[in-house]
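Order of listing sets the numbers, starting from 1, for every ligand and every atom in it. Worth knowing before you read on, the calculation uses all heavy atoms, side chains too, and leaves out hydrogens, waters and symmetry mates. Quick note: residue numbers are just sequence positions, from 1. Model, not experiment: these values are computed from the prediction.
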Amino acid sequence: MTDVRGRTALITGGAAGIGRLLAIELAARGATPVLWDLDEERIEPALAEIRSRTGVTARGFACDVTDRHAVNEVAEQVRSEVGDPDIVVNNAGVVSGSRLLDTPDTAIERTFAVNTLALYWVTKAFLPSMVSRDRGHVVTIASAAGLVGVARQTDYAGSKHAAVGFDESLRVELHQIAPRVMTTVVCPFYIDTGMFEGVHSRFPRLLPILHQQDVARSIATAIERNRRQVILPPLVRFLPLLRVLPPTAFDRVMDVLGVNVSMEHFTGHKPGQ
Ligand SMILES: NC(=O)c1ccc[n+]([C@@H]2O[C@H](COP(=O)([O-])OP(=O)(O)OC[C@H]3O[C@@H](n4cnc5c(N)ncnc54)[C@H](OP(=O)(O)O)[C@@H]3O)[C@@H](O)[C@H]2O)c1
């Protein structure tokens, strides 16, 4: 996007966690955030915080991104009340955090509905105007779990691998039809938002639990600099190189790093968080 000043940035799951902080970060850089979130009651305090910290009047809409009819209806409302967004951040996400046999089918469906299928509904709702203007930016918040599978994340890592594939395919497709519409995929290790409460890093110097404010700042800078990927912390960038190893050797390296026991004490969001 290069210059976010005066641009409209729609962020799904924008009333909490990374989405809320990214909205504040983009507003501080001159953009107008449009927040989408499930919980209407959470949107108003987020808008008030953006206003008090940046002076920017953002907009908020309740929208369940898994409901493609609702996505299209609320997208129409955004277009008529705010205009076409210049930046769309597919940020809403959920995690189950249990082994496959302990994960209810409904939780698996929800994970893919929010983390994967919603990328299609939200992006399709806003991409036509970006393509016709040959200007815009689609950001997909995936995860380091989009680059490597992790024990207790069969649904989450599967949905995030799909998100990485979604971004990469969209990126090359847009290069053919609207080369100035950018995409950025974001693949962070665990972040201290509470979504992954209880996880553990065996080597916190190499694989630190990331601070949400730092991640939000990195994403905003990546949008401004048209970076195609944000992979945090730096060690995670090397994981794809290890794919030259046979799978059993790759798994052993991940075991040594403690990746496959990182979820042992996962609790996820505390009630009311
Ligand atoms: N936290 C991490 O360690 C981490 C690491 C790597 C990647 N990520 C990714 O980063 C993104 C943001 O994570 P976060 O830690 O900020 O999570 P978060 O604090 O749980 O915030 C996610 C927001 O998305 C909302 N949401 C969930 N389902 C939705 C739906 N169907 N429609 C609209 N909004 C919905 C949530 O609402 P409810 O609270 O009501 O569900 C919440 O407000 C996610 O895609 C996540 O997978 C997170």
Would one find an N or O of [X], backbone or side chain, under 3.5 Å from an N or O of ligand 1?
X      : value
Ile191 : yes
Phe196 : no
Ile18  : yes
Asp39  : no
Asn115 : no
Trp36  : no

Please confirm whether [X] approaches ligand 1 to less than 4.0 Å, judged on its heavy atoms.
X      : result
Gly14  : no
Pro188 : yes
His269 : yes
Thr12  : no
Lys160 : yes

Could you see if [X] belongs to whatever hydrophobic cluster contains [Y]? Use Ile, Leu, Val, Met, Phe, Trp, Tyr and a side-chain cutoff under 4.5 Å.
X      : Y      : result
Phe126 : Met182 : no
Leu117 : Leu170 : yes
Leu235 : Leu239 : yes

Which of the ligand 1 atoms, numbered from 1, are nearer than 4.0 Å to a heavy atom of [X]:
X      : result
Val114 : 28 (N), 31 (N)
Thr66  : 31 (N)
Ile141 : 9 (C), 10 (O), 11 (C), 45 (O)
Asp64  : 30 (C), 31 (N), 32 (N)
Phe189 : 5 (C), 6 (C)
Ala92  : 24 (O), 26 (N), 34 (N), 35 (C), 45 (O)

Worksheet item: Hey, which of Val4, Ile24, Ile223, Val56 is the one that makes side chain to side chain contact (heavy atoms under 4.5 Å, CB included) with Arg29?
Response: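 When Val4, Ile24, Ile223, Val56 are each tested with Arg29, the side chain to side chain contact (heavy atoms under 4.5 Å, CB included) holds only for Val4.
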Worksheet entry | Glu264 atom CD, over 12 foreign heavy atoms within 6.0 Å |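 More than 12 heavy atoms, drawn from other residues, nucleotides or ligands, come within 6.0 Å of this atom.
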Which bit of [X] gets closer than 4.0 Å to ligand 1, counting heavy atoms only: side chain, backbone, both or neither?
X      : result
Arg42  : side chain
Tyr156 : side chain
Leu210 : neither
Cys63  : backbone
Ala118 : neither

Item to complete: Ignoring hydrogens, just give me the one of Gly17, Ser143, Gly93 whose non-hydrogen atom is nearest atom 22 (C) of ligand 1.
Response: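 Minimum heavy-atom distance to atom 22 (C) of ligand 1 goes to Gly93.
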Worksheet entry | Winner among Ala163, Ala46, Ala142 once heavy atoms are compared against atom 7 (C) of ligand 1 |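 Result: the heavy atom closest to atom 7 (C) of ligand 1 is in Ala142.
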Do you know the tightest heavy-atom contact between [X] and [Y]?
X      : Y      : value
Leu147 : Cys187 : CD1-CB, 4.0 Å
Ala142 : Val185 : CB-CG2, 3.9 Å
Leu245 : Phe250 : CB-N, 4.1 Å
Thr193 : Gly17  : CG2-CA, 4.0 Å

Worksheet item: Does Asp155 come within less than 4.0 Å of Arg110, counting only side-chain N to carboxylate O?
Response: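 No, no charged N to carboxylate O under 4.0 Å.
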Fill in: Non-hydrogen side-chain atoms of Ser262 and Val150 separated by less than 4.5 Å
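Sidechains of Val150 and Ser262: in contact.
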Discussion item. Apply ring-ring contact (aromatic ring centres under 6.0 Å, His included) to residues Phe266 and Tyr156 and explain how you reach the verdict.
Written reply: CA-CA 13 Å; Phe266 166 88; Tyr156 185 78; 9.1 Å; no
Worksheet item: Going through the distances and angles, do Arg133 and Asp86 end up as a salt bridge (Lys or Arg N to Asp or Glu O under 4.0 Å)?
Response: CA-CA 10 Å; Arg133 289 179 288 159; Asp86 303 289; 3.1 Å; yes
Discussion item. Nearest 0.5 Å, please: how far is OG1 in Thr140 from CZ in Arg171?
Written reply: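 One gets 11.0 Å once the value is rounded to the nearest 0.5 Å.
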